[in-house]
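Whatever order the structure lists them in is the order used to number ligands and atoms, beginning at 1. Just the heavy atoms: all of them, side chains too, but no hydrogens, waters or symmetry mates, feed the values below.
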Amino acid sequence: MTLLAARGIRKRYGQVEALRGVDLEVGDGEVHALIGDNGAGKSTLVKTLSGVISPDAGELELRGAKVHFHGPRDAQGAGIETVYQDLALAPSLDAGANIFLGREPLRGGVRGRLGFLDRSRMRQEASVALADLGVELPSLEAEVGTMSGGQRQAVAVARAAVWGTALIVMDEPTAALGVRQTEVVLSLIRRVCEQKGVSVLLISHNMAHVLEVADTVTVMRLGRRAAVRRAADTSLEELTLLMAGLGGDAEPDAEAEAEDER
Ligand SMILES: Nc1ncnc2c1ncn2[C@@H]1O[C@H](COP(=O)(O)OP(=O)(O)OP(=O)(O)O)[C@@H](O)[C@H]1O
Ligand SMILES: [Mg+2]
């Protein structure tokens with residue numbers, strides 16, 4: 001079953017054609033990796049899925065129904081959560097407050113008046129969510145700003161896992177992490193997928209991690225899809241060749257490179 005399909009997505013930034021009619025299909029409940037060289041269009045593509053940018057052309061379908069996102073709220077409303085590279089966490093708040101950031105439960109009164117933040121409920125629900133995911137933090141009261149990169153990343157992933165009901169998008173979630181913290185985040189990604197039944201779309205430059213954690217790999221090159229592989233049926237060597245434009249399924253490169261010349 002296809003959870004999300006993107007078809008013929010195009011996006012131009014001035015002279016740069018970042019996406020030249022790219023297709024992507026993310027299956028239900030899978031970890032799907034998106035790989036490709038710098039500038040291939042990966043971040044631009046996932047920004048169209050999370051509603052951050054509007055494509056110039058192309059269509060998105062979620063569970064077979066066409067969707068149009070005019071902003072991140074629309075994508076969130078459809079169950080798509082994004083873990084941004086800068087994580088967008090509030091450093092002076094604890095993990096619970098961060099998980100509920102912008103969606104805080106209120107106790108008593110009307111929102112914005114009389115009502116006040118139900119901090120104990122946030123801590124309680126956050127602690128359940130974090131425990132479910134096997135995330136260990138020094139303390140639930142600790143400010144996120146005092147945590148390590150891996151712990152902060154785990155809080156950001158947990159937040160996406162709490163709210164995401166369809167797809168969790170992550171743009172290079174382990175880029176700034178050490179070996180051990182990377183392992184923690186990779187296993188967290190798998191657990192989110194397995195426990196919640198949501199799909200994860202993961203951008204990564206680390207082929208070994210991709211092969212370790214992903215079910216399916218889409219290779220992008222020059223703003224198009226160059227290949228799709230089951231992780232079990234491919235190798236580091238093949239993925240590296242595909243990223244370089246060798247041995248792909250289609251032959252879009254001649255055309256794309258000709259466009260580049262123009
Ligand atoms: N806001 C923008 N304004 C102008 N050009 C942009 C913008 N965002 C992306 N681009 C261009 O679009 C192309 C694709 O960029 P994108 O960030 O999607 O690549 P990427 O595959 O994520 O690369 P990386 O692996 O380096 O993160 C690049 O040529 C980039 O310079
Ligand atoms: Mg990028």
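Per-residue contacts place Asp37 under 4.0 angstrom from the following atoms of ligand 1 (heavy atoms of the residue considered): 21 (O). Heavy-atom proximity to Thr44, at under 4.0 Å, picks out these atoms of ligand 1: 9 (C), 14 (C), 15 (O), 16 (P), 18 (O).
Because the distance cut-off is set at 2.8 Å, Thr44 fails to qualify as a neighbour of the Mg ion (ligand 2), as none of its N, O or S atoms comes that close.
No heavy atom of Ile203 sits closer than 4.0 Å to any atom of ligand 1. Put simply, part of His205 is less than 4.0 Å from ligand 1, judged by heavy atoms. Heavy-atom separations between Glu172 and ligand 1 include at least one value shorter than 4.0 Å.
Checked by atom type and distance alone, the side chain of Lys196 never pairs as donor or acceptor with a backbone atom of Thr165 at under 3.5 Å. Remark: the backbone N or O of Leu239 is not paired with any side-chain donor or acceptor of Arg229 at under 3.5 angstrom. Formation of a donor-acceptor pair under 3.5 Å by the Ser127 side chain with backbone atoms of Gln124 is found in this model.
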Checking side-chain contact (heavy atoms from CB on, under 4.5 Å) for the pair Leu201/Leu4: CA distance, chi angles, key distance, verdict?
CA-CA 10 Å; Leu201 180 62; Leu4 179 124; 5.9 Å; no
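Around atom CZ of Arg73, no more than 12 heavy atoms belonging to other residues, nucleotides or ligands sit under 6.0 Å away.
Of the inter-residue distances, the one linking Asp94 atom CG with Met147 atom CE reads 7.5 Å to the nearest 0.5 angstrom. The CG atom of Asp171 sits 9.5 Å away from the OG1 atom of Thr44 when rounded to the nearest 0.5 Å.
Side-chain atoms of His32 and Ser199 include no donor-acceptor pair closer than 3.5 Å.
Residue Asn38 touches ligand 1 through backbone and side chain together, judged by heavy-atom distances below 4.0 Å.
In terms of protein heavy atoms, atom 9 (C) of ligand 1 is closest to Tyr13 CE1, 3.5 Å. Protein heavy atom nearest atom 23 (O) of ligand 1, with residue, atom name and distance: Gly39 N, 2.8 Å. Nearest protein heavy-atom neighbour of atom 17 (O) of ligand 1: Ser43 CB, 3.7 Å.
Within the 4.0 angstrom cut-off, atom 19 (O) of ligand 1 has one or more protein heavy-atom neighbours. Protein heavy atoms are absent from the space less than 4.0 angstrom from atom 30 (C) of ligand 1.
Between Leu45 and ligand 1, no N or O atom pair is found at a separation short of 3.5 Å.
Contact check on Arg190 versus Asp215 returns a salt bridge, with a Lys/Arg side-chain nitrogen under 4.0 Å from an Asp/Glu carboxylate oxygen.
The heavy atom nearest to atom 12 (O) of ligand 1, out of those in Ala40, Ala18, Gly14, is found in Ala18.
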